[in-house]
Amino acid sequence: MSLSVMSYRESQYMNPLASSQTRLRTVTMSAADNRIRILLVDDHPMLREGIAAVLGTEPDMALVAEASNGREAIEQFRAHRPDITFMDLQMPVMNGTDAILAIRKEFPDARIVVLTTYSGDAQARRAFRAGAWGYLLKNMVRKELIETVRCVHSGKKKIPPEIAVEMAEHHMDDALTDREIEVLQQVAAGNANKIVAINLCVSEETVKTHMRSILSKLGANDRTHAVTIALKRGIIDIQAVSSLRRDA
């Protein structure tokens with residue numbers, strides 16, 4: 001029995017909307033095939049193309065499917081049951097962390113590696129709590145992709161040294177509460193305390209109290225410094241901030 005997946009280029013001729021849809025590659029696998037089966041989830045087609053090229057050089061690996069958001073990732077995982085999944089975190093429709101949680105809930109043995117541009121410790125900690133097995137920075141894909149696949153497939157976790165250092169450095173820090181994160185996202189979107197209070201249905205004094213706590217926990221000098229630190233560490237979600245700006 002074999003499994004065939006229509007290629008992106010073939011699907012363009014059958015569906016004029018295919019260029020805006022998830023691209024899947026043609027992969028034929030027999031029941032006896034013992035290649036490492038990989039699902040790639042990222043909303044940037046060019047990055048997927050590059051990773052596919054790297055994986056294509058390894059005879060014991062096969063890219064069986066691709067997805068461009070978390071919801072598609074869940075569907076493709078159900079369909080293909082890959083050995084390894086590479087998951088971007090910042091994606092439309094459903095982010096990577098939520099997708100990891102959903103997949104691991106349904107498939108507890110799923111081995112998922114985060115694929116991201118951001119090296120923030122808070123973001124990495126959330127991903128590992130969700131069930132990630134590894135963490136790969138996009139600027140290290142060419143050098144470390146294959147090693148990461150083999151490492152995770154063998155049952156070991158893979159964390160870049162710089163991520164491990166960041167996580168260790170902030171291990172004892174007081175974490176921001178969910179409400180404090182909401183306040184900081186509003187501030188990052190450019191809202192003054194009065195507007196933040198209106199948007200969150202609290203008093204302006206409550207917002208000020210939250211901001212004092214945020215500055216203390218982050219060791220920040222002012223609001224702008226707090227936002228900078230939070231973005232760098234992945235404490236606040238860039239997509240959420242962008243969405244707030246659009247809605248303003």
Trace of the side chain to side chain donor-acceptor pair (under 3.5 Å) decision for N191 with Q186: CA-CA 6 Å; N191 295 323; Q186 290 279 338; 2.7 Å; yes
Can you check whether [X] reaches [Y] side chain to side chain, under 4.5 Å on heavy atoms?
{"X": "L231", "Y": "I236", "answer": "yes"}
{"X": "R233", "Y": "Q123", "answer": "no"}
{"X": "V183", "Y": "M211", "answer": "yes"}
{"X": "K138", "Y": "H44", "answer": "yes"}
{"X": "E182", "Y": "N199", "answer": "no"}
{"X": "I100", "Y": "R129", "answer": "no"}
{"X": "V41", "Y": "F86", "answer": "no"}
{"X": "I112", "Y": "I84", "answer": "no"}

As an exercise, state the distance from [atom1] of [X] to [atom2] of [Y], rounded to the nearest 0.5 Å.
{"X": "R142", "Y": "M140", "atom1": "CZ", "atom2": "CE", "answer": "12.0 Å"}
{"X": "R126", "Y": "D121", "atom1": "CZ", "atom2": "CG", "answer": "9.5 Å"}
{"X": "E72", "Y": "N69", "atom1": "CD", "atom2": "CG", "answer": "4.0 Å"}
{"X": "R150", "Y": "K156", "atom1": "CZ", "atom2": "NZ", "answer": "13.0 Å"}
{"X": "K143", "Y": "L137", "atom1": "NZ", "atom2": "CG", "answer": "12.5 Å"}
{"X": "I214", "Y": "I229", "atom1": "CD1", "atom2": "CD1", "answer": "11.5 Å"}

Should we say atom [atom1] of [X] is surrounded by more than 12 heavy atoms from elsewhere, each under 6.0 Å from it?
{"X": "R179", "atom1": "CZ", "value": "yes"}
{"X": "N139", "atom1": "CG", "value": "yes"}
{"X": "K157", "atom1": "NZ", "value": "yes"}

Kindly work out whether a path of hydrophobic side-chain contacts (I/L/V/M/F/W/Y, heavy atoms less than 4.5 Å apart) joins [X] to [Y].
{"X": "I195", "Y": "V202", "result": "no"}
{"X": "F128", "Y": "V152", "result": "yes"}
{"X": "L101", "Y": "V113", "result": "no"}

Distance-only, no hydrogens or angles: does the [X] side chain make a donor-acceptor pair with backbone N or O of [Y] under 3.5 Å?
{"X": "T148", "Y": "E144", "result": "yes"}
{"X": "T209", "Y": "E205", "result": "yes"}
{"X": "R104", "Y": "A110", "result": "yes"}
{"X": "R37", "Y": "A62", "result": "no"}

Identified side-chain contact (heavy atoms from CB on, under 4.5 Å) counterpart of L89 within the set D42, N95, V114, L115: V114
Looking only at heavy atoms, what is the nearest atom pair of [X] and [Y], with distance?
{"X": "A122", "Y": "I235", "value": "CB-CG1, 3.6 Å"}
{"X": "R48", "Y": "L40", "value": "CA-CD2, 3.6 Å"}
{"X": "R111", "Y": "H153", "value": "NH1-O, 2.8 Å"}
{"X": "L184", "Y": "V227", "value": "CD1-CG2, 3.9 Å"}
{"X": "P160", "Y": "Y135", "value": "CD-O, 3.0 Å"}
{"X": "S213", "Y": "E180", "value": "OG-OE2, 2.6 Å"}

From CA spacing to verdict: side chain to side chain contact (heavy atoms under 4.5 Å, CB included), I103, M87: CA-CA 11 Å; I103 290 172; M87 181 81 70; 3.9 Å; yes
T116-Q90 side chain donor-acceptor pair, cut-off 3.5 Å: no
V149/E58 under side chain to side chain contact (heavy atoms under 4.5 Å, CB included): CA gap, chis, key distance, verdict: CA-CA 11 Å; V149 171; E58 302 298 316; over 6 Å; no
Verdict with reasoning, R81 to F107, per side chain to side chain contact (heavy atoms under 4.5 Å, CB included): CA-CA 9 Å; R81 307 292 178 88; F107 304 96; 3.2 Å; yes
CA sep, side-chain torsions, deciding dist, call: E106, R78, side chain to side chain contact (heavy atoms under 4.5 Å, CB included): CA-CA 9 Å; E106 189 171 346; R78 287 172 180 157; 3.0 Å; yes
